[in-house]
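Questions regarding the structure given below will be posed in turn.
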Protein chains: 2
Amino acid sequence: MRIGELSRLTGVSRRLLRYYEEQGLIVPDRSTNGYRDYDERNVDRVKQIRGLLAAGLPTRIIKQILPCLDKPRSIHFPDATPEMLALLTSERDKLTDRIEMLTRNRDAMTEYLTEVEQHRAPVAPGQLHST
Amino acid sequence: MRIGELSRLTGVSRRLLRYYEEQGLIVPDRSTNGYRDYDERNVDRVKQIRGLLAAGLPTRIIKQILPCLDKPRSIHFPDATPEMLALLTSERDKLTDRIEMLTRNRDAMTEYLTEVEQHRAPVAPGQLHST
DNA sequence: TGAAACCCTCACATTGATGTGATGGTCAAG
DNA sequence: CTTGACCATCACATCAATGTGAGGGTTTCA
């Protein structure tokens with residue numbers, strides 16, 4: 001597929017798809033006319049990239065850990081150097097920390113919302129299933 | 001305390017502390033000499049800000065939801081407008097989505113690491129407590 | 001008093017992820 | 001063949017979060 005379709009399928013702008021390519025995150029084939037030619041797997045790959053970016057990982061790190069993650073899953077760890085494993089482990093741990101922090105903040109928000117709710121509508125427990 | 005100490009206590013650069021102030025996230029007093037004068041609560045507040053930033057919230061959103069979160073916790077929701085509650089709820093939900101995405105990625109990394117581990121050291125379960 | 005270590009403001013630089021627009025090639029349909 | 005919808009590259013713009021440094025006060029302490 002060409003870039004426009006991938007963009008539609010992933011919701012990621014053409015510009016960004018080219019940017020990700022420039023950063024070495026995706027490497028599409030080229031048709032004879034020079035058009036980028038993506039295969040289906042790139043859809044998931046792009047989504048994965050978005051997820052990792054949303055996780056706060058910079059593209060240069062994503063580039064390194066992506067090869068460990070996107071594969072058809074399995075029998076595919078020959079190219080895992082010790083450095084890569086260390087990097088992956090460290091990023092995984094950072095992710096865990098980040099998840100914990102986000103969870104704490106999320107829970108604080110929920111707690112606050114609950115308190116406000118109870119404050120303005122002090123009701124019996126049975127009525128709590130409104131929303 | 002002055003900005004240097006707060007910086008030390010929070011690990012956030014002076015520059016950023018001033019930036020957060022410029023963005024309306026913290027509002028220190030001023031000594032007669034013009035120096036910023038922070039109180040202890042600002043330590044937690046700054047950490048909270050860092051947490052929310054790490055969560056991907058922009059400062060302008062943080063500015064809006066922070067008043068709901070940092071307080072001495074409790075009896076303090078008079079200034080919660082419906083808009084603010086809606087905003088807070090929506091950001092909370094976004095956070096939840098983000099947490100789920102991060103968790104999926106984290107688990108994928110862990111899964112990969114586990115597979116590699118098993119591949120290069122196919123051992124009995126009893127030996128798994130090495131690290 | 002003078003140096004060290006603070007603080008202030010202001011302003012410009014940078015980095016990463018993006019957008020936007022200019023200029024031009026390709027291709028399918030009328 | 002021309003028009004419209006693609007595609008390409010390149011370059012400049014933007015935005016938020018940061019860094020850095022200039023130019024200049026203040027406080028502390030020997």
Side-chain angles (χ1 to χ4, degrees), chain A residues 1-39 42-43 45-66 91 94-95 98 101-102 105, chain B residues 1-39 42-43 45-66 91 94-95 98 101-102 105:
Chain A
M1 81 187 72
R2 291 179 301 180
I3 199 172
E5 188 176 355
L6 183 60
S7 173
R8 253 165 271 135
L9 289 177
T10 59
V12 173
S13 73
R14 282 164 265 254
R15 171 66 173 87
L16 273 189
L17 292 175
R18 297 195 186 104
Y19 174 69
Y20 296 155
E21 176 179 353
E22 187 185 310
Q23 300 303 306
L25 304 185
I26 37 183
V27 188
D29 287 346
R30 293 292 181 135
S31 307
T32 48
N33 57 12
Y35 288 10
R36 288 171 177 80
D37 183 28
Y38 301 89
D39 72 28
N42 282 312
V43 176
R45 182 147 180 141
V46 168
K47 286 179 184 167
Q48 182 105 33
I49 291 170
R50 295 300 295 177
L52 294 170
L53 276 175
L57 304 195
T59 54
R60 93 175 175 285
I61 297 289
I62 296 176
K63 176 180 179 176
Q64 300 198 261
I65 70 184
L66 209 45
E91 291 300 327
K94 279 193 220 162
L95 244 189
R98 190 184 304 260
M101 176 164 45
L102 297 196
N105 277 303
Chain B
M1 80 187 73
R2 292 179 302 180
I3 199 172
E5 189 177 355
L6 183 59
S7 173
R8 251 165 275 137
L9 289 177
T10 60
V12 173
S13 73
R14 281 164 267 255
R15 171 65 174 89
L16 273 190
L17 292 175
R18 296 194 188 104
Y19 173 70
Y20 295 156
E21 176 178 353
E22 188 184 310
Q23 302 301 307
L25 304 185
I26 37 183
V27 188
D29 287 345
R30 293 293 181 134
S31 308
T32 49
N33 56 15
Y35 287 11
R36 290 171 177 80
D37 183 27
Y38 302 89
D39 71 26
N42 282 313
V43 176
R45 180 145 180 143
V46 168
K47 286 181 184 165
Q48 182 108 33
I49 291 169
R50 295 301 294 178
L52 294 169
L53 277 174
L57 304 194
T59 54
R60 91 175 176 285
I61 297 289
I62 296 177
K63 176 179 179 177
Q64 300 198 262
I65 70 184
L66 209 47
E91 290 300 327
K94 280 194 220 161
L95 244 189
R98 190 184 304 262
M101 177 164 44
L102 298 196
N105 277 303

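Convention: sequence-line order gives letters A, B, ...; per-chain numbering from 1.
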Rounding to an integer number of Å, can you tell me how far B:Glu22 CD sits from C:dT9 P?
10 Å

Using the side-chain heavy atoms of A:Tyr19, tell me which of these nucleotides is nearest: C:dT18, D:dA17, C:dC8.
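When the side chain of A:Tyr19 is considered, C:dT18 is the closest of C:dT18, D:dA17, C:dC8.
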
What is the separation between atom CD on A:Gln23 and atom P on C:dA17, rounded to the nearest whole Å?
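Going from CD in A:Gln23 over to P in C:dA17 covers 7 Å.
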
Please determine, for the side chain of A:Tyr35, which listed nucleotide (D:dA16, C:dC8, C:dT26) has the closest atom?
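Ranking D:dA16, C:dC8, C:dT26 by closest atom to the A:Tyr35 side chain puts C:dT26 first.
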
Both A:Gly34 and B:Ile62 contact DNA chain D. Which one's nearest nucleotide lies toward the 5' end?
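Comparing both residues, the 5'-ward one is A:Gly34.
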
Please tabulate, one pair per line, each protein N/O and nucleotide N/O from nucleotides 1-3 of chain C that are separated by under 3.5 Å, including the distance.
none

Output for pair (A:Leu57 CG, A:Lys63 NZ), nearest 0.5 Å, gives 15.5 Å

If you apply the rule side chain to side chain contact (heavy atoms under 4.5 Å, CB included), what do you find for B:Tyr20 with B:Val12, and how did you get there?
CA-CA 10 Å; B:Tyr20 295 156; B:Val12 173; 4.0 Å; yes

Please give, in whole Å, the distance from C:dA17 P to A:Arg60 CZ?
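Spelled out: CZ on A:Arg60 to P on C:dA17 is 9 Å.
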
Separation of B:Leu17 atom CG from D:dG19 atom P, in whole Å?
10 Å

Measure CG/B:Leu52 against P/D:dA16 and give the value in whole Å, please.
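B:Leu52 atom CG is separated from D:dA16 atom P by 17 Å.
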
For a quick check, tell me whether the side chain of A:Arg15 and the base of C:dT20 share a donor-acceptor pair closer than 3.5 Å.
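Under the 3.5 Å cut-off, the side chain and the base do form a donor-acceptor pair.
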
For the pair made of CZ in B:Arg18 and C1' in C:dC7, what is the distance, rounded to whole Å?
7 Å

salt_bridge(A:Glu91, A:Lys94) N-O dist < 4.0 Å:
yes

As an exercise, state the distance from CD1 of B:Ile62 to CG of A:Asn105, rounded to the nearest 0.5 Å.
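Those atoms lie 9.0 Å apart.
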
Please pick, from C:dG19, C:dT9, D:dT18, the nucleotide with the shortest atom-to-atom distance to any side-chain atom of A:Ser13.
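That would be C:dG19.
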
Checking side-chain contact (heavy atoms from CB on, under 4.5 Å) between B:Thr10 and each of B:Leu16, B:Asn42, B:Ile49, B:Val43, which is the one that passes?
B:Val43

Distance check: side-chain N/O of A:Arg36 vs OP1/OP2 of D:dC6, anything under 4.0 Å?
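False: A:Arg36 side-chain N/O out of range (4.0 Å or more) of D:dC6 OP1/OP2.
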
Using modelled atom types and a 3.5 Å cut-off, is there a donor and acceptor pairing between side-chain atoms of A:Asp37 and backbone atoms of A:Met1?
yes

Rounding to an integer number of Å, can you tell me how far B:Arg8 CZ sits from C:dC7 C1'?
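Those two atoms, CZ and C1', are 12 Å apart.
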
Can you tell which of D:dT18, C:dC27, D:dT9 lies closest to the side chain of A:Asn33?
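For A:Asn33, the side-chain atoms sit closest to C:dC27.
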
Spacing of B:Leu16 atom CG relative to D:dA16 atom P, expressed in whole Å:
15 Å

From C-beta outward on B:Ile3, which listed nucleotide comes closest to its side chain: C:dC8, C:dT26, D:dT18?
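From the listed options, C:dC8 comes nearest.
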
Both B:Thr59 and B:Arg2 contact DNA chain D. Taking the nearest nucleotide for each, which residue is further toward the 5' end?
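This one resolves to B:Thr59.
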
Can you tell whether the side chains of A:Glu22 and A:Arg36 come within less than 4.0 Å, N to carboxylate O?
no

